[in-house]
Structure formats: structure tokens, C-alpha cells
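We name chains A, B, ... by the order of the sequence lines, and we start the count at 1 in each one.
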Protein chains: 2
Amino acid sequence: MATTMQQRMLEAMLPADLAAEPERWQQRKSVRTRIRLVEAAIDCLVEEGYAGLSTQKVAERTGASRGAMHHHFATRMDLAAAVVEHVFYRRMRGFLDDYLGSVAGARDEALFEISTEAYWRSVQTRDYAAYVELAVAARSDGDLERVFLPAARRFDAVWIGEMIESFPQWQARWETMKLVNDFVVTAHMGLLLNLPVIGERRAALVRRLVARTVAMLHAEAAAGAFEV
Amino acid sequence: MATTMQQRMLEAMLPADLAAEPERWQQRKSVRTRIRLVEAAIDCLVEEGYAGLSTQKVAERTGASRGAMHHHFATRMDLAAAVVEHVFYRRMRGFLDDYLGSVAGARDEALFEISTEAYWRSVQTRDYAAYVELAVAARSDGDLERVFLPAARRFDAVWIGEMIESFPQWQARWETMKLVNDFVVTAHMGLLLNLPVIGERRAALVRRLVARTVAMLHAEAAAGAFEV
DNA sequence: AAAGAAACCGGCAAGAGTGCCTGTTTTGCC
DNA sequence: GGCAAAACAGGCACTCTTGCCGGTTTCTTT
């Protein structure tokens, strides 16, 4: 059941690259180098920002030639688009791996707290750093935005949809669940970006406040589930 | 009293450019073009991101020559540093202007809500967009980070310090005040960046939740002021 | 095995950006 | 009026990146 959920969510976010595992060796090799290129691109993105994501550096990093790079991704934006797909997929996979491990056998009441902590961990990953870079770059780059926003909305839709599907017993509290989710997502993104300024200590206090707010909403929803 | 606070805060964040108003016409003209260049640079930053902040485009935008540009800012990073200073100053000024206008004659209980709303407005400005761009770019650009972080910390220190200075009657609740401040700052930054994905409606719900949390903390602190 | 396709290589021209440098104009001081 | 200094103009050389293209190697198919 849990694995089914994971499978469904991952499949919904699967990049076109990884859709079909081909049997021909040539194509398989092609897929492998494509993935290597995208991985290197993510490294570039994290280390040097969206501006540093150049086809040249990515090719150099993987040891591939510029020709091979251009064969797989004709333009820089093609590469960026592939990176967007992969980053969302990897974020989903990373979170699910961590979350499903820590949630095993937890009580209903602890669920929100466990989820929140898992989410905070996910925010501190390399994949999330890449995601932030893309999200911000998309604000001032129309071409990137046209690739990024649909992917982000799909991620959101899969996330919310699966959340609803997975907890049918909370039907009356779905709106609250969605709100809690949005709240945690936004608060943690802001927290990550402000971390260098406010420092670990204050960040931990804010994180505790976020957890308290989530708990408060959860308690409220549990009490008033039939009044809404 | 209120104007004194405003003056103190602004003075503490005043860029070196604007420190002294010179009487010589030549220097005054120099300051004016410097400011014009920085303003154009902020436009670049907002419209095209940190990567699009080039000395060339900025010079072109103001009608100045590349020589003039180079005279005022020898390197791109010199320009970026000036932009950092100005952006923080402008953010401070913009918020104070708005806030001091809306807070006039408000009751203590309404203060947090008014502040929160003023802060959300400030987050939606052009200056804040520039700030976000710098904050994210500083994550992957060491040179920029060395300019940005100290300025950000100074902004934070001035903010917190003045908050404490302005509300001596809340001495026992200072820690809570600081927490509330950090919470509002982080939550709203995350909210802004997630706005394109979650949309206005959900963002408004999150915003209401933030306000509720702030109110809750305020009520708590008011009740247990002497227990802490 | 031979043709065709797919993956891969590396060079070319064009464009943008940077830092530096030499002049030219405008202003300030005596 | 004249000299020094500051503000401003624009050229030069260099680097980096992009997109494209002709050629080569490595499968795949028949």
C-alpha cells in the first residue's frame, strides 16, 4: 500500500528521459550519458547558480565533448528543461524515501510532526537547492518560467492529490490539511533562505513555532471535524 | 519620537554614497549619476536577475558611457556592492514610510496585525524582489556573499535593536517579539516565492494562518509575561 | 558484410561581457 | 586666465558562451 503510493507519485513525476528502459544497448548508453549530463548540470546549478549552468561547463564536467552535449540537448534551454524535470523527480523521490522510512508505524497524532521534520530535512538537500535556484531564476526568465511553472504545479497537484487519496478518513479536514501543507512548504523555504542571516539558533525557534502551529491546527480540525 | 526612530534606523543603513550631501556642483552631479546607475542596476536585477546585472547594460540603460560606468564602479562587483547597500536602505525606508503611516494611533493589540500586513506589502515591492535576487545569488557567489551577508546582518540588527528600543514596556516579551519577527520574515519570503505555484487564494489562507499564529503568541506573551 | 542510423567529436563565427587604457570635456581653485 | 582634478567618452584585447556543422566512430538491421 505504501509502496503503491510511492510508485504512483514517482510515476507521475517521471521525466521523459527515464520513461522507458530500452533494451538496445546504444539507446541505453544514450540514456546513461543524458543522465550524467543532467546530474552535472544540477551540480553546476547548485554550485554556481542558474547563470553558471552553461552547456560548456556541463560537458567539461562529465568529460563529454561539446558535440555530444549538443547532440543530447540542442540548446541551453533544452538542458535546463531536462534539469527541471529531474529536479522535481529527485525531490519527490528523496522525500518519499526519507518520509516513508520515518513514518513507519507512527501514530496519527505524531504524523504531522514527523512529516514536518522530514520536510525540513528535504529542504536542506542539494536537490532542493537546485529547486530554489530554478524557482528564483524562473521569476525573471520567461522561457524558464514556461518550463518550470507547469512542472511545479504538477508536483503540487500530485502531492496534494496523493495526500487526499492516502487519508480518506480525514475527508472533512482536507482543507486544513492542504493549508498545513502550504504553510509548511512556504515557511521552510523562507527559513532556508534566511538561515545565513538569522543563524541556527533562531531558525530552530521558528521551526518549533511552525510545528506548534501545525499541531494547533491539527487539534482544532480533530475537535471540530463535523462542524466545518 | 516616531520620526526619531525612523531617522535612527535610516541613518544606520545609509549607503556611503548618500552619506554626505556635498556643496560642490561637480561632486553633486557625480552623486546623482552614481545613484542613477545604481537605480538602473536595480531595474536590471529585478527584470533579468543577478546574471543580467551587467555593467554594459546598466550604462546603456542610463545613457551613460561605459567609461563613466567604469569611473564610478571599476568592476561589476563594485556595482553589485553599491546595489546591495541601496537595496537594504530602500527596503528600510519603504517599510518605514508605509508602516509609520498605517500604525498611527493604533492600539497595542492591533499592532502585530498591522505590522504583519505592512510587511506583506513590503514583500511585494520591487526593492524586495531585488533583495531576493541578491540573497539567492549570494548563496552561490562567494564574492557577493561577502558583501551581502554583513549588510543583511546589519539590517537585521538595526531592525531588532530598534524594535527593542521602541517598546521598552515589553521587556519581558522581547524574546517572543524577536521570534514573531523571524517567523513573519521567513514565512512571507517563502510565501512570495511560492505564490506563482499555489496562487492567490491559497496564499491568502496561509497569510491568515500566519496572522493567527502571531496573535496567539502575542496573547500568550501578554498573559504569561511574568512567568518567562 | 554492408548500409543506415545513432552517438560522439571538435572547430568556426558571432555575440556579449569584462577590465584596462588613452583621450576629452567640465569644474574647482588660485 | 590657467592649471589640476574630477567626470565622462569610447576603443582594444581577452574570455566565455552559444548554436551550428562537417566528419568519425559505434551499434543495428537486414
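- In this structure, B:R76 is positioned above the aromatic face of B:Y50, its NZ or CZ under 6.0 Å from the six-membered ring centre and within 45° of the axis.
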| task | Give the intermediate values and the outcome of side-chain contact (heavy atoms from CB on, under 4.5 Å) for residues A:M5 and A:L96. | result | CA-CA 10 Å; A:M5 164 180 116; A:L96 286 176; 4.1 Å; yes

| query | Could you walk me through whether A:F95 and A:R121 pass the side-chain contact (heavy atoms from CB on, under 4.5 Å) check? | reply | CA-CA 8 Å; A:F95 176 80; A:R121 281 196 299 275; over 6 Å; no

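- Here the C1' atom of nucleotide D:dC20 and the CE atom of A:M77 are 19 Å apart, to the nearest Å.
- Rounded to an integer number of Å, the gap from CZ of A:R34 to C1' of C:dC8 is 15 Å.
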Write down the protein N/O and nucleotide N/O pairs, taken from nucleotides 22-24 of chain D, whose separation is under 3.5 Å; answer none if there are no such pairs.
none

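- Pairing each heavy atom of B:W159 with each of B:M92, the nearest pair is CE3-SD, 4.0 Å.
- If you measure from atom CZ of B:F73 to atom P of D:dA7, you get 12 Å, rounded to the nearest angstrom.
- Following rounding to the nearest Å, B:H72 (NE2) and D:dA6 (C1') show an atom-to-atom distance of 10 Å.
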| request: Go through the steps to decide whether A:R139 and B:E47 satisfy the test salt bridge (charged side-chain N to carboxylate O under 4.0 Å, His left out), and finish with yes or no. | output: CA-CA 9 Å; A:R139 284 166 57 87; B:E47 292 170 23; over 6 Å; no

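- Summarising the geometry, the separation between CG on A:D78 and P on D:dC20 is reported as 10 Å, rounded to the nearest angstrom.
- The CZ-C1' distance, from A:R76 to C:dA16, rounds to 14 Å in whole Å.
- The base of C:dG17 lies outside donor-acceptor range of the side chain of B:R66, with no N or O pair under 3.5 Å.
- Under 4.0 Å is where a charged nitrogen must lie from a carboxylate oxygen, and between B:E48 and B:R61 at least one such pair does.
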Between protein and nucleic acid, restricted to nucleotides 21-23 of chain C and to nitrogen or oxygen atoms under 3.5 Å apart, what atom pairs and distances do you find?
none

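- For D:dC8, neither phosphate oxygen OP1 nor OP2 lies less than 4.0 angstrom from any side-chain nitrogen or oxygen of B:H71.
- Below 30°, between 30° and 60°, or above 60°: for B:F88 and B:Y131 the angle between ring planes is above 60°, a perpendicular geometry.
- Remark: P of D:dC8 and CE of B:M69 are 11 Å apart, rounded to the nearest angstrom.
- Only at 4.0 angstrom or more do the heavy atoms of residues 36-59 of chain B sit from any atom of DNA chain D, so none qualifies.
- The shortest non-hydrogen separation linking A:D17 to A:A82 is OD2-CB, 4.4 Å.
- The closest side-chain donor-acceptor pair between B:T33 and B:H72 falls under 3.5 angstrom.
- For A:S30, no side-chain nitrogen or oxygen approaches OP1 or OP2 of C:dA6 to under 4.0 Å.
- For the pair A:L79 CG and D:dG19 C1', the interatomic distance rounds to 14 Å; values are reported in whole Å.
- B:R8 has no carboxylate O lying under 4.0 Å from a charged side-chain N of B:E11, or vice versa, which leaves the two without a salt bridge.
- Each of A:R201, A:R202, A:R208 was evaluated against B:D182; a single residue qualifies, A:R202, per the salt bridge (charged side-chain N to carboxylate O under 4.0 Å, His left out) test.
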